[in-house]
Amino acid sequence: MEVDGSKENACLEQCASLAYPMLSCVSERGVIMRAMAVLPSRRELRIVEVAPPTLRGTGDVLVRVREVGICGTDREIGAFHYGTPAEGRESLVLGHEALGEVVEVGESVRTLERGDLVAITVRRPCADDSCLACRAGRQDFCVTGQFRERGIKKADGFMTEMIVEDERFLVKVPTRLADVGVLVEPLTIAAKASVELAAVIRRFPWEPVGLRALVLGAGPIGLLGAMMVVSRNVSATVYSREPANGDRARLVRSFGAKYVSAVDVPISHLPTKEGLFDVIFEAVGNAAVAFNALQALAPNGVCILSGVPGGSSPIEIDLNCVMRDIVLKNQMVFGTVNASRSAFEESVRLLEQFMTICPDAVRSLITERVSLDEAPELLRQPGGIKQVVAIAA
Ligand SMILES: [Zn+2]
Ligand SMILES: [Zn+2]
């Protein structure tokens, strides 16, 4: 291929300012890499070609992407409801649940070396000096909303062959977790929730015993949340719409949790049929389910909301009753989103623990692996528990 030197230099200059070089310069340089991207202004979801990234600073790490999980957020972005390309860019590379392998490290990188497996954190801090959360490295608590999220908001994601990222945003994953390491990111939701819950529980001057937890939803977040509860020797009941004799119910029972189907027990009957729960972990993204389930919350109980409801029309809930209970029973309801580096580290520890307790159940969460070329189709057709795009072995 003939390359016009002056053109290439101009291109490289322009691209050096971006984490990801632009498509226009790729063909001129003759090196290409594939990525799955959404082009919101054209309403297109497809494989695009981008130039491979290179190390920009001494703290940078070049990572070969092995696997990327797909979740509801990706599907919303793929349906053009959500997702913002980086400034000046038409496309956004999708994918935020990634497992990769370190290929090259900058000279000041100390915690990682070539061959290490890594999970990649998603949110990047805002630039506002007054945002104490971001300045403290806790952009999961960002107050300005000006953060970027890789694969979601103003920063390309990981559904591509190689990415470059600062060491600070990479978390080492033991090689023995190679086949399930793609679950680290979705597990961070439960990992962060459990850290928050521990902080709330510290309000009691006694050590709570015999806690009972209710998990709403049997999707990947709910199932991983239930595994976390079980791994802490707390009784877990998963409540979801799938039938009690179905695959999800069997999977739930296989790792020691109880399964209750909404088909058999309407949510209003939960307290009488199943008793009260000290902790509710909501992972369905349905406000009616979440707030009606509060009837089953015990005195001093905590309800953690992690789903994002999509509906825009109002629903009917007796909020007088909800508020009365929250006050008179010292209850707490809080939300949790995104995860810090420490939650990723906790998530890696939890996954190792799960792989000791219930390896088959963990592996069975990944119900489908497809190639990058098949990813756009997969995004349009949800199915199974966790679908994964396998990019490199
Ligand atoms: Zn996700
Ligand atoms: Zn911030």
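All residue numbers refer to positions in the sequence shown, counting from 1. All values below were derived from every heavy atom in this structure, side-chain atoms included, with hydrogens, water molecules and symmetry-related copies excluded. Bear in mind that the values here come from a model prediction, so they are computed numbers and not experimental data. Whatever order the structure lists them in is the order used to number ligands and atoms, beginning at 1.
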*Please answer whether the main-chain N or O of Leu379 pairs with a side-chain N or O of Arg75 as donor and acceptor at a distance below 3.5 Å.*
yes

*Would you find a donor on one side and an acceptor on the other, under 3.5 Å apart, between the side chain of Ser240 and the backbone of Gly217?*
no

*Candidate pair Glu101 and Arg114, rule salt bridge (Lys or Arg N to Asp or Glu O under 4.0 Å), full reasoning*: CA-CA 8 Å; Glu101 181 182 336; Arg114 192 184 161 87; over 6 Å; no

*Donor-acceptor contact below 3.5 Å, side chain Glu282 vs main chain Gly285*: yes

*Sum up the protein N, O or S atoms located under 2.8 Å from the Zn ion (ligand 1).*
3

*Between Lys386 (side chain) and Thr367 (backbone), is there a donor-acceptor pair under 3.5 Å?*
no

*Decide yes or no on salt bridge (Lys or Arg N to Asp or Glu O under 4.0 Å) for Glu352 and Arg349, but give the supporting numbers first.*
CA-CA 5 Å; Glu352 283 195 283; Arg349 275 193 295 275; over 6 Å; no

*Quick check: does any side chain N or O of Asp325 sit under 3.5 Å from a backbone N or O of Val322, one acting as donor and the other as acceptor?*
no

*If only atom types and distance count, is the side chain of Asp116 paired as donor or acceptor with the main-chain N or O of Val102 below 3.5 Å?*
no

*Looking at Phe169, does the NZ or CZ of Arg124 lie under 6.0 angstrom from its six-membered ring centre and within 45 degrees of the ring axis?*
yes

*Measure distances from the Zn ion (ligand 2) and count the protein N, O or S atoms below 2.8 Å.*
4

